[in-house]
Amino acid sequence: MSLALALVVGALFGLGTFLLLRRDLLRVVWGIAVISQAANVYLVSVGGVVAGDADTAPILAGHGAEAPVTADPVVQALVLTAIVISFGTTAFALALTFRVHAENGTMDVGELP
């Protein structure tokens, strides 16, 4: 992982943690969303890029040319699934936040019954 990606992942985790510790329920939801995206960036960055061959990408077998550098498709599939799940979770959490505000008139966690 390069230094720039490490700094981005660290900043995203830090921002997500900062938002999770706020009293406003909407900021807590955004903190969860930011942390899930930070985890996705981390997984993609440590997934690595390897020299392509017939073992990593079977489509490259038999073409005779030198294979290009390819990324691990398993990590990409995992992150794509995680993005879809985190989107659904964030939408559900925002709906719950709306309902909490409609029922209680506030989104401050300290004032909730």
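Below, all heavy atoms of this structure are taken into account, side chains as well, without hydrogens, waters or symmetry copies.
- Of the inter-residue distances, the one linking N40 atom CG with S86 atom OG reads 5.5 Å to the nearest 0.5 angstrom.
- Across all their heavy atoms, S45 and L5 have their closest contact at CB-CD1, 3.6 Å.
- For the atom pair CG (L20) and CZ (R27), the distance works out to 13.0 Å, reported to the nearest 0.5 Å.
- The same ILVMFWY cluster, assembled from side-chain heavy atoms under 4.5 Å apart, contains both V100 and V109.
- In this structure L96 satisfies the side chain to side chain contact (heavy atoms under 4.5 Å, CB included) test together with F92, sequence neighbours excluded.
- Two residues are said to be in side-chain contact when any heavy atoms from C-beta on lie closer than 4.5 Å; L26 and L94 meet this criterion.
- Residue pairs meeting the salt bridge (charged side-chain N to carboxylate O under 4.0 Å, His left out) criterion with at least one partner in residues 16-25, sequence neighbours excluded, are R23-D108.
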- Query: Could you go step by step and tell me if L12 and I35 meet the side-chain contact (heavy atoms from CB on, under 4.5 Å) rule?
  - Reply: CA-CA 7 Å; L12 284 173; I35 285 180; over 6 Å; no
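- The hydrophobic clustering, which links ILVMFWY residues whose side-chain heavy atoms are closer than 4.5 Å, places V46 and F13 together.
- Once rounded to the nearest 0.5 Å, the distance linking CG of L7 with CG of L3 reads 4.5 Å.
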- Item | Audit row: V28, L19, side-chain contact (heavy atoms from CB on, under 4.5 Å) steps and yes/no | CA-CA 6 Å; V28 170; L19 289 173; over 6 Å; no
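- Between L78 and L43, some side-chain heavy-atom pair lies under the 4.5 Å cut-off.
- Within the model, atoms CG of L112 and CG of L25 stand 6.5 Å from one another, a figure rounded to the nearest 0.5 Å.
- Counting heavy atoms from C-beta outward, V44 and Q76 have side chains that stay 4.5 Å or more apart.
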